[in-house]
Amino acid sequence: MKKILVTGADGFIGSHLTELLLAEGYSVKALSYYNSFGFTGWLEGLAHPELEVITGDVRDPHFCKKAVEGCDTIIHLAALVAIPFSYMAPDLYVETNVKGTLNICQAAMALGNLRLVHVSTSEVYGTAQYVPIDEAHPRQPQSPYSASKIAADAMALSFFHTYQMPVTIARPFNTYGPRQSARAVIPSMITQLLSQNKEIMLGDTSPTRDFTYVTDTCRGILAMAKNDQTIGREINIASGIEISIAELFQTLKSMTASEATFVSDPQRLRPSSSEVFRLMGDASLLKQLTGYSPQTSFDTGLKDTIQWFMNPENMVKYKPNIYNI
């Protein structure tokens, strides 16, 4: 790999991946979602001689063809990811996640079947039918978001089967760490706790999740991009550790020395048949193919994340008392 296009590079995982790639000596073309303010998200202030930041939208097929020029590898993260907003605007999720992935695939094919790592999500599995969840687990579209990602994954893999494009599907379970949006449960809890709130607003606290620190997720994605044995495969990135949201709250409460209690906020509850109640991943295939294993323990990752949010320059970017969908 010489030059890598990272779509969604301005986001949480994308910005960390961009930093990792630069640190590993790669040249990166980082795609940030276009806006009239010239704002490039978490890429703001990041400067490197091997970094080229471009702005645009994966929903435009003509733009995508220009974006991939000069690159030999694409890591496709650009997507709408908020599950509650997908209940309100499912068309946008199809346009961005499905059609956007098609546009990237067609652009990659037009330039000679470039190497593509398409980033999926554990939400495609829905509530676990068995644990740990391996790549053979049935797909369950329990939200418009997960339905759009199931379709996007299938679209990307169809280019492998039809056109022999070197495609890998990277499927992270829940990623957490510095810079994550407050729409996610860990930063939502941390920002409320650090704001000295006496009551922490949460949704359902019974579901379980499998959390991976963001740098480990990025290392897993890069391991797949570097290894030809991953081509044509769907591969989990997971810790294999399961924790409930209630247990997570108690852990973060202790780490922040808070005496707050949690309150169930009705607006944060998913429809009952849409809630994913259990996720715990099996990442043995990734280790078998690439030798990858997570390096950051959950406690260490949480402490590093809390420390990042304790910096006033970071905390000011968040609105702890507003529910972010």
Side-chain angles (χ1 to χ4, degrees), residues 8 10-14 33 35 41-42 57-59 77-101 119-128 139-153 171-177 179-193 195 197 199-212 214 217 243-249 252 262-279 305 309 317-325:
D10 50 344
F12 164 50
I13 297 176
Y33 179 55
N35 61 83
W42 292 113
D57 193 325
V58 295
R59 294 177 294 181
L77 286 130
L80 283 174
V81 299
I83 294 167
F85 189 54
S86 79
Y87 302 143
M88 302 167 60
D91 279 7
L92 285 178
Y93 284 70
V94 173
E95 286 294 318
T96 304
N97 299 352
V98 185
K99 187 62 162 54
T101 298
V119 181
S120 177
T121 169
S122 60
E123 284 284 326
V124 303
Y125 295 126
T127 296
R139 279 39 167 181
Q140 300 178 106
Q142 289 183 225
S143 66
Y145 165 63
S146 63
S148 73
K149 292 297 286 185
I150 291 169
D153 297 352
R171 184 164 293 128
F173 278 64
N174 293 71
T175 300
Y176 72 100
R179 304 181 204 149
Q180 188 171 24
S181 164
R183 62 162 189 79
V185 67
I186 288 179
S188 176
M189 287 189 196
I190 290 175
T191 53
Q192 291 183 74
L193 287 165
S195 297
N197 291 10
E199 294 184 336
I200 307 303
M201 308 303 288
L202 301 175
D204 191 343
T205 59
S206 65
T208 66
R209 293 294 185 264
D210 179 326
F211 290 100
T212 303
V214 63
T217 294
I243 183 171
S244 72
I245 304 306
E247 292 170 320
L248 174 61
F249 172 73
L252 290 173
F262 73 80
V263 175
S264 181
D265 180 3
Q267 67 177 331
R268 299 171 192 248
L269 297 173
R270 299 188 196 179
S272 58
S273 59
S274 181
E275 178 63 81
V276 174
F277 285 101
R278 191 177 189 191
L279 285 174
T305 304
F309 276 102
K317 299 179 175 71
Y318 291 79
K319 300 173 182 177
N321 298 315
I322 295 178
Y323 172 50
N324 291 283
I325 64 167

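Side-chain contact check for T121 versus S146: every heavy-atom pair is 4.5 Å or farther apart. Taking 4.5 Å as the limit, every side-chain heavy atom of Q140 sits out of range of all side-chain heavy atoms of Y125. Using a 4.5 Å heavy-atom cutoff, the side chains of L252 and L193 are in contact. Annotation: side chain of V94 is not in contact with side chain of K99 (no heavy-atom distance under 4.5 Å). Taking the side chain as every heavy atom from C-beta outward, I13 and L77 approach each other to under 4.5 Å. Counting heavy atoms from C-beta outward, L92 and F85 have side chains that approach closer than 4.5 Å.
With sequence neighbours excluded, the residues forming a side chain to side chain contact (heavy atoms under 4.5 Å, CB included) with V276 are E123, T127, Q142, R209, R270, L279, listed by chain and number. Legend: residues meeting ring pair (Phe, Tyr, Trp, His ring centres under 6.0 Å) with Y145, ordered by chain and number and at least two apart, are absent. Under the side-chain hydrogen bond (donor to acceptor under 3.5 Å, both in side chains) criterion, D57 pairs with R59, sequence neighbours left out. Checked against salt bridge (charged side-chain N to carboxylate O under 4.0 Å, His left out), D204 has no partners two or more places apart in sequence or in another chain. Taking T305 as the reference, Y176, P178, I190, Y213, F309 meet the side chain to side chain contact (heavy atoms under 4.5 Å, CB included) condition, with sequence neighbours excluded. Under the rule for a side chain to side chain contact (heavy atoms under 4.5 Å, CB included), the partners of S181 that lie at least two apart in sequence or sit in another chain are R183. Taking T205 as the reference, L202, I245, A246, F262 meet the side chain to side chain contact (heavy atoms under 4.5 Å, CB included) condition, with sequence neighbours excluded. Applying the salt bridge (charged side-chain N to carboxylate O under 4.0 Å, His left out) rule to D210 yields no partners; only residues at least two apart in sequence or on another chain are considered. For Y93, the side-chain hydrogen bond (donor to acceptor under 3.5 Å, both in side chains) test picks out no residue, with sequence neighbours left out. For T191, the side-chain hydrogen bond (donor to acceptor under 3.5 Å, both in side chains) criterion is met by no residue, not counting sequence neighbours. Listed by chain and number, the residues in a side-chain hydrogen bond (donor to acceptor under 3.5 Å, both in side chains) with Y87 are S274 (sequence neighbours excluded).
Across all their heavy atoms, N97 and A152 have their closest contact at O-CB, 3.2 Å. Of all heavy-atom pairs between A151 and V98, the closest is CB-CG2, 3.7 Å. Heavy-atom minimum distance, A82 versus I325: CB-O, 2.9 Å. Between R171 and S120 the shortest heavy-atom distance is NE-OG, 3.2 Å.
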R139 and D153: salt bridge (charged side-chain N to carboxylate O under 4.0 Å, His left out), yes or no, with the steps?
-> CA-CA 11 Å; R139 279 39 167 181; D153 297 352; 6.0 Å; no

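Atom CG of D91 sits about 10.5 Å away from atom OG1 of T96, to the nearest 0.5 Å. Separating the CG atom in L269 from the CD atom in Q267 is a distance of 9.5 Å, to the nearest 0.5 Å. We find the CE-OG distance between M201 and S188 to be 10.0 Å, quoted to the nearest 0.5 Å. Expressed to the nearest 0.5 Å, how far OH of Y323 lies from CG of D265 amounts to 8.0 Å. Remark: K149 NZ to S122 OG distance equals 11.0 Å, nearest 0.5 Å. Taken from CZ in R179 to CZ in F12, the straight-line distance is 9.0 Å, to the nearest 0.5 Å.
Side chain to side chain, E247 and S244 meet the donor-acceptor criterion of an N or O pair below 3.5 Å.
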